[in-house]
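Everything below concerns the one structure shown next.
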Amino acid sequence: MKVFLESHNINNKAGGLGTFNFQLIKALASKNLNGLKITLNAKRPNDLKSVFGNVFSYVKYTSLERHFLFRKKGRYDVWHSLNQNTKVEPFFKPKKYILTIHDVNFVEEISSDRNHKVNKNFIKKLNRADVITYISEFAKAQTHQYFDVPNVPEVIIYNGNPCEEIFENNTFQPDFKINKPFFYTIGDFIPRKNFISLVKMMEHIDDYVLILSGNNDKAYGHEIKHYVSENNLQDKVILTGKVDDFAKQYYMQNCTAFLFPSIREGFGLPPIEAMMFDKPVFLSKLTSLPEIGGNAAFYWDNFDPIYMKDFVLESLADFKNNPNGYLEKIRTRARFFTWEKAAKHYLELYKH
């Protein structure tokens, strides 16, 4: 059986889609793939081959593939579009087309007009799908809220935890001094991550600093940098820029708490990563986050900075007074999500 994974987002492992692609493919590589010939699509296929060897076949992605005449000409039994935004499609119709939907935030962030290009492209993908998978119940509900979903099988397959493997003897050290206990967060610098609420909260906290990782060389990143500068928060808010897995694990291992006030998430990987390090996690109550954090996280009701500060400090006091009760929930939740389970479910779909 020939399976094509439209996986070109795999290069951006700093983002959620790149992490999903890499971790799922890594888990697939550890499974019994007898009877399957799986092809990966990537901008730098040799990089993947150096990791996975001959487990998979590889083809090179180019941006020209977005245009019909330059689409891949291979014939496949299964074509799996690993996210809802990819513009790469098969030239020849596969026997089965699987679409994985992470979120449809673009309806709220770009346009709700059905005739907008981004929505028209998504509707085409929906109507092409023989099977639709979602990474959360919220992602499914959100899709049904805004679109007419075709009458095809729909399956929820949760993501795994990117920190299933914790580095031992991690030698990473930050290139700046940390003189106080710190809170940590990480993500792409886009408005939906709502990092500005944390920065404003830090104006009212003296005993901790906030370390914030992610690609901040964007408009939203410049907005946050400007706010930090204008309000003299340089000693309270540290922006590291993009970090590798060693740095990320160092900050998660050593932080007092992980803070994630995102407004829109189809899943939200960083909170369950932090839980692998036994850290209290603070989330918004919005979109998928309560589904993912379950009873193991603390949830803000709103983003007033004084309220956020009081809630964090009071909850941390509760956590310190009853660590065992909280840690049992955190550890159970962190280990509930595994890429092994996700890979097993996707392989069952391919074979079915």
Side-chain angles (χ1 to χ4, degrees), residues 3-12 15-21 24 41-43 61-72 76 78-159 187-188 190-193 262-269 286-289 291-292 342 346 349-350:
V3 178
F4 186 91
L5 301 189
E6 207 308 89
S7 54
H8 81 270
N9 287 114
I10 198 169
N11 291 325
N12 181 24
L17 293 178
T19 299
F20 171 83
N21 286 6
L24 176 60
N41 194 31
K43 189 174 183 179
Y61 160 78
T62 69
S63 58
L64 284 174
E65 293 176 29
R66 300 179 176 196
H67 305 287
F68 180 78
L69 291 177
F70 295 95
R71 290 178 178 178
K72 291 285 191 292
Y76 298 94
V78 174
W79 179 288
H80 184 182
S81 187
L82 292 178
N83 81 77
Q84 71 283 344
N85 296 323
T86 177
K87 297 179 178 65
V88 178
E89 301 293 349
F91 186 88
F92 297 109
K93 188 179 187 309
K95 292 181 180 178
K96 294 294 179 183
Y97 184 102
I98 299 174
L99 172 63
T100 293
I101 297 176
H102 299 254
D103 63 67
V104 292
N105 290 331
F106 49 84
V107 178
E108 299 169 2
E109 296 177 349
I110 300 177
S111 175
S112 60
D113 181 359
R114 286 291 194 90
N115 292 317
H116 190 282
K117 183 177 180 180
V118 69
N119 291 324
K120 290 173 71 174
N121 286 339
F122 178 69
I123 290 169
K124 288 180 182 177
K125 294 181 82 71
L126 270 182
N127 292 331
R128 186 178 288 122
D130 297 294
V131 177
I132 301 172
T133 70
Y134 303 92
I135 62 171
S136 64
E137 292 285 357
F138 170 79
K140 178 180 179 180
Q142 187 190 38
T143 304
H144 280 264
Q145 177 183 353
Y146 291 114
F147 295 95
D148 296 323
V149 178
N151 184 23
V152 298
E154 298 176 272
V155 185
I156 309 296
I157 302 179
Y158 284 121
N159 293 337
D188 203 6
I190 50 180
R192 83 166 78 116
K193 298 300 181 182
S262 181
I263 294 170
R264 298 184 184 91
E265 291 291 330
F267 186 91
L269 289 168
L286 302 175
T287 63
S288 68
L289 292 176
E291 178 184 351
I292 304 308
Y346 280 111
L349 273 186
Y350 300 159

Which of I98, T86, L99 passes side chain to side chain contact (heavy atoms under 4.5 Å, CB included) with E6? Answer is T86
With sequence neighbours left out, the residues meeting side chain to side chain donor-acceptor pair (under 3.5 Å) with K95 are D77
By side chain to side chain donor-acceptor pair (under 3.5 Å), Q142 pairs with (sequence neighbours left out) N105
Paired with T100, the side chain to side chain contact (heavy atoms under 4.5 Å, CB included) test is passed by just one of N83, I135, I157, L24, namely I135
Heavy-atom closest pair (E265 atom, T287 atom, distance to 0.1 Å) is N-OG1, 3.0 Å
Residue set satisfying side chain to side chain donor-acceptor pair (under 3.5 Å) with E291, at least two apart, ordered chain then number -> Y158
With the side chain counted from C-beta on, respond yes when N115 and N119 share a heavy-atom pair under 4.5 Å apart, and no when they do not.
no
Between L82 and N9, does a side chain to side chain contact (heavy atoms under 4.5 Å, CB included) hold up when you go through it step by step? CA-CA 9 Å; L82 292 178; N9 287 114; over 6 Å; no
Hits for ring pair (Phe, Tyr, Trp, His ring centres under 6.0 Å) against F267, two or more places apart or cross-chain, chain-then-number order -> F337
The ring pair (Phe, Tyr, Trp, His ring centres under 6.0 Å) partners of F70 (sequence neighbours excluded) come to none
Residue pairs meeting salt bridge (Lys or Arg N to Asp or Glu O under 4.0 Å), one or both in residues 128-140, sequence neighbours left out, come to E89-R128
Hits for salt bridge (charged side-chain N to carboxylate O under 4.0 Å, His left out) against R114, two or more places apart or cross-chain, chain-then-number order -> D148
(message) Treating H67 as the side-chain partner and L69 as the backbone partner, does any N or O pair qualify as donor plus acceptor under 3.5 Å?
(response) no
Q: Mark yes or no for whether T133, through its side chain, and I156, through its backbone, hold a donor-acceptor pair below 3.5 Å.
A: no
Discussion item. Using modelled atom types and a 3.5 Å cut-off, is there a donor and acceptor pairing between side-chain atoms of Q84 and backbone atoms of H102?
Written reply: yes
Item to check | Test side chain to side chain contact (heavy atoms under 4.5 Å, CB included) applied to K125 and N121, step by step | outcome: CA-CA 7 Å; K125 294 181 82 71; N121 286 339; 5.9 Å; no
Does either side chain, that of Y350 or that of K96, offer a donor lying less than 3.5 Å from an acceptor on the other one? no
- prompt: Taking the inter-plane angle between the rings of F4 and W79 on a 0 to 90° scale, is it parallel (under 30°), tilted (30 to 60°) or perpendicular (over 60°)?
  reply: parallel
side-chain contact (heavy atoms from CB on, under 4.5 Å) filter on S112, not counting sequence neighbours, yields V107
Residue pairs meeting ring-ring contact (aromatic ring centres under 6.0 Å, His included), one or both in residues 124-155, sequence neighbours left out, come to F122-F147
Residues passing the side-chain contact (heavy atoms from CB on, under 4.5 Å) test with I190, sequence neighbours excluded, are D188, R192, K193, K218
Residues at least two apart in sequence or cross-chain that pass ring pair (Phe, Tyr, Trp, His ring centres under 6.0 Å) with H8, listed by chain then number, are Y61
Sorted by chain and residue number, the side chain to side chain donor-acceptor pair (under 3.5 Å) partners of T143 (sequence neighbours excluded) come out as none
